[in-house]
Amino acid sequence: MEPARSHTEISLEVDGVRHTLRVDNRTTLLDALRENLGVTAPKKGCDHGQCGSCTVLLDGRRATTCLLFAVARDGATVVTAAGLGTGAELHEMQRAFVEQDGFQCGYCTPGQVCSAVGMLDEVAAGQPSFVTEDLDATPVLTDAEIRERMSGNLCRCAAYPNILAAIRQASA
């Protein structure tokens with residue numbers, strides 16, 4: 001009987017750059033990004049998928065990277081908060097967070113920004129949330145709708161009013 005493989009070579013496109021790396025099969029996508037590739041925008045907060053600090057856009061959808069095995073995401077496209085803008089130009093959500101002072105310590109900010117971008121894409125696609133009133137209509141981006149959709153991203157500094165204002169600004 002052949003012994004089980006403990007490492008696998010995978011390919012990831014991160015912020016527009018294709019990488020090939022060899023990872024332990026138990027490595028999370030978060031650890032592969034941070035430890036193998038030196039991508040530090042997604043943060044390790046709770047390491048249980050409860051705080052949202054590690055949120056990125058994975059193949060166009062928001063995802064908590066601490067809950068995903070890197071080998072299961074072979075070939076994926078990852079966009080972190082650092083990869084949202086184009087060159088020296090900030091993404092509209094990043095700009096809104098700066099203008100609305102949507103951060104204090106900044107630890108949760110990359111995850112908040114990626115989650116907000118993904119959330120707006122979900123709304124634009126007509127995906128309802130738990131608080132969506134009319135499930136047959138395009139969701140209306142009320143404050144309650146934003147709060148519900150962002151509830152998986154925690155801010156220990158409690159910058160929530162400014163985060164809400166930033167999302168409102170970027171969605172306008």
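Positions are given from 1, in the same order as the sequence printed here.
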What's the verdict on side-chain contact (heavy atoms from CB on, under 4.5 Å) for Leu57 and Leu84, showing C-alpha distance, side-chain angles and the deciding distance? CA-CA 9 Å; Leu57 297 174; Leu84 284 172; 4.0 Å; yes
Quick one, Asp143 with Arg168, criterion salt bridge (Lys or Arg N to Asp or Glu O under 4.0 Å). Give me CA distance, side-chain angles, the key distance, then yes/no. CA-CA 8 Å; Asp143 288 354; Arg168 282 227 157 276; 2.8 Å; yes
Side chains of Thr40 and Arg34: do they bring a donor and an acceptor to under 3.5 Å? no
Please confirm whether the backbone N or O of Gln112 pairs with a side-chain atom of Ser115, one donor and one acceptor, at under 3.5 Å? no
Verify side-chain contact (heavy atoms from CB on, under 4.5 Å) between Leu21 and Glu9, making sure each step is shown before the conclusion. CA-CA 5 Å; Leu21 57 154; Glu9 187 173 286; over 6 Å; no
Checking Arg156 against Tyr107: charged group under 6.0 Å from the ring centre and within 45 degrees of the axis? yes
Side-chain heavy atoms of Met93 within contact of Leu120, under 4.5 Å: yes
Could you check whether any side-chain N or O of Thr28 sits under 3.5 Å from a backbone N or O of Asp31, counting only pairs where one atom can act as donor and the other as acceptor? yes
Ignoring hydrogens and angles, tell me if any N or O in the side chain of Asp74 forms a donor-acceptor pair with the backbone of Ser11 under 3.5 Å. yes
For Met119 and Ile146, which heavy atoms make the closest approach, and how far apart are they? CE-CG2, 4.3 Å
List the steps and the verdict of side-chain contact (heavy atoms from CB on, under 4.5 Å) for Thr109 and Phe97. CA-CA 8 Å; Thr109 305; Phe97 264 70; 4.1 Å; yes
Ignoring hydrogens and angles, state whether a donor on the side chain of Thr8 or Arg22 is under 3.5 Å from an acceptor on the partner side chain. no
Between Arg95 and Glu89, does at least one N-O distance fall below 4.0 Å, as a salt bridge requires? yes
Could you check whether any side-chain N or O of Thr64 sits under 3.5 Å from a backbone N or O of Cys66, counting only pairs where one atom can act as donor and the other as acceptor? no
Would you name the heavy atoms of Leu29 and Arg73 that are closest together and state the gap between them? CD2-CG, 4.2 Å
